[in-house]
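To start, the structure under review is shown below, and the notes come after it.
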Amino acid sequence: MFFLRELTHTILLHPSYFGAQLEDYLRQKLYEDVEGTCSGKHGYIISVITISDIGEGKIMPSTGQAKFKTTYTAIVMKPFKGEVVDGKVVNVNKMGFFAMVGPLQVFVSCHLTHSDMKYDPNASPPCYRSNDEIIQKDTKVRMQIVGCRVEANDIFAIGTIKKDFLGQIRED
């Protein structure tokens, strides 16, 4: 799920930032550009840990901006099929529920819940209910990822709570 990866990023910097504080601007721009983004290949970039190298800037003739190639180490989050994760429910409907695992949204279909769990649309807020569990908005749940779809700038996951020890996490 969480990995340390060495990555590269190209920063374009406007000429007005050239000067004594150039390196500080480059560091700040790197943090702003990459933290919180998603790359299908590497996953969600959670945080930049270290900046290994800031290359020499090359002036672009058409705009006057400088292009800097930076190498950095970051904590990335990439989910895998079969992984068990904890999340917080953000939306419940008759088709299933959505839970957030950090920046990753996981959908759990009503067909991938326990057999005795039923959707209760009359409850406020709407929920899935069984004899010993209630899953509604803001409930913490443990689920297993059964599939991931990776796109260029996003990752989507499908989860299940049908197995033992999965479902609502009680705060006892």
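The number of heavy atoms from other shown groups lying within 6.0 Å of CD (Glu151) is above 12. The environment of Tyr17 atom OH is sparse: at most 12 non-hydrogen atoms of other residues, nucleotides or ligands sit within 6.0 angstrom.
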Please tabulate, for side-chain N and O atoms in residues 89-97, each donor-acceptor pair with protein atoms closer than 3.5 Å (sequence neighbours left out).
{"from": "Asn93", "atom 1": "OD1", "to": "Met95", "atom 2": "N", "distance (Å)": "2.9"}
{"from": "Asn93", "atom 1": "OD1", "to": "Gly96", "atom 2": "N", "distance (Å)": "3.1"}

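Here CG of Leu166 is found 6.5 Å from CD of Gln144. Values are rounded to the nearest 0.5 Å. The CG atom of Leu4 sits 12.0 Å away from the CD1 atom of Ile46 when rounded to the nearest 0.5 Å. Atom CE of Met117 sits about 9.0 Å away from atom SG of Cys127, to the nearest 0.5 Å. The distance from the NE2 atom of His9 to the CD1 atom of Ile11 is 5.5 Å, given to the nearest 0.5 Å. The CZ atom of Arg170 sits 5.5 Å away from atom CG of Asp132, with the distance rounded to the nearest 0.5 Å. Atom CG of Leu12 is separated from atom CZ of Phe68 by 10.0 Å, given to the nearest 0.5 angstrom.
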Exercise. Determine, step by step, whether Ile59 and Phe18 satisfy the side chain to side chain contact (heavy atoms under 4.5 Å, CB included) criterion, reporting the C-alpha distance in whole Å, the side-chain angles of both residues, the deciding distance to 0.1 Å, and the verdict.
Key: CA-CA 11 Å; Ile59 305 291; Phe18 298 170; 4.0 Å; yes
Self-check item: Stepwise side chain to side chain contact (heavy atoms under 4.5 Å, CB included) check, Leu7 with Thr71
Solution: CA-CA 6 Å; Leu7 304 169; Thr71 305; over 6 Å; no
Self-check item: Worked verdict on Ile158 versus Val106 for side chain to side chain contact (heavy atoms under 4.5 Å, CB included)
Solution: CA-CA 5 Å; Ile158 304 292; Val106 180; over 6 Å; no
Self-check item: side chain to side chain contact (heavy atoms under 4.5 Å, CB included) between Lys78 and Met1, worked out
Solution: CA-CA 5 Å; Lys78 185 161 185 180; Met1 167 119 333; over 6 Å; no
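Between Gln136 and Pro126, the shortest heavy-atom contact is CB-O, 3.9 Å. For the pair Ile45 and Ala74, the tightest heavy-atom approach, listed with the atom from each and the gap, is CG2-CB, 4.0 Å. Nearest heavy-atom pair, Asn131 versus Asp116, reported as atom, atom and distance to 0.1 Å: N-OD2, 4.2 Å. Shortest non-hydrogen contact noted between Lys81 and Gly147 is CG-N, 4.4 Å. Contact detail for Val101 and Gly87: the closest heavy-atom pair is CG2-CA, 4.0 Å. Taking all atoms of both residues into account, the shortest heavy-atom contact from Thr113 to Val108 is CG2-CG1, 4.1 Å.
Taken together through direct or relayed side-chain contacts under 4.5 Å among Ile, Leu, Val, Met, Phe, Trp and Tyr, Val85 and Ile75 form part of one hydrophobic cluster. Residues Met100 and Val146 share a hydrophobic cluster, clusters being chains of Ile/Leu/Val/Met/Phe/Trp/Tyr side chains in contact below 4.5 Å. One hydrophobic cluster holds both Val48 and Val76 under the rule that ILVMFWY side chains link at heavy-atom gaps under 4.5 Å. When hydrophobic clusters are built by joining Ile, Leu, Val, Met, Phe, Trp and Tyr residues whose side-chain heavy atoms come closer than 4.5 Å, directly or via intermediates, Met143 is grouped together with Val84. Hydrophobic clustering of Ile, Leu, Val, Met, Phe, Trp and Tyr side chains at less than 4.5 Å, counting indirect connections, unites Tyr31 with Val34.
One finds a salt bridge joining Arg27 and Glu23 here, because a Lys/Arg side-chain nitrogen approaches an Asp/Glu carboxylate oxygen to under 4.0 Å.
Checked by atom type and distance alone, the side chain of His114 pairs as donor or acceptor with a backbone atom of Ile161 at under 3.5 Å. In this structure a side-chain-to-backbone donor-acceptor pair under 3.5 Å is present from Glu83 to Phe80. Remark: the backbone N or O of Val141 is not paired with any side-chain donor or acceptor of Gln168 at under 3.5 angstrom. The backbone N or O of Ile49 sits nowhere less than 3.5 Å from a side-chain atom of Ser47 that would complete a donor-acceptor pair.
The side-chain heavy atoms of Ile169 and Asp86, taken from C-beta on, include a pair separated by under 4.5 Å. With a 4.5 Å cut-off on side-chain heavy atoms, Ile145 and Pro79 count as touching.
Below 30°, between 30° and 60°, or above 60°: for Tyr128 and Tyr119 the angle between ring planes is between 30° and 60°, a tilted geometry.
Residues Ser109 and His111 have side chains that never bring a donor and an acceptor to within less than 3.5 angstrom of each other.
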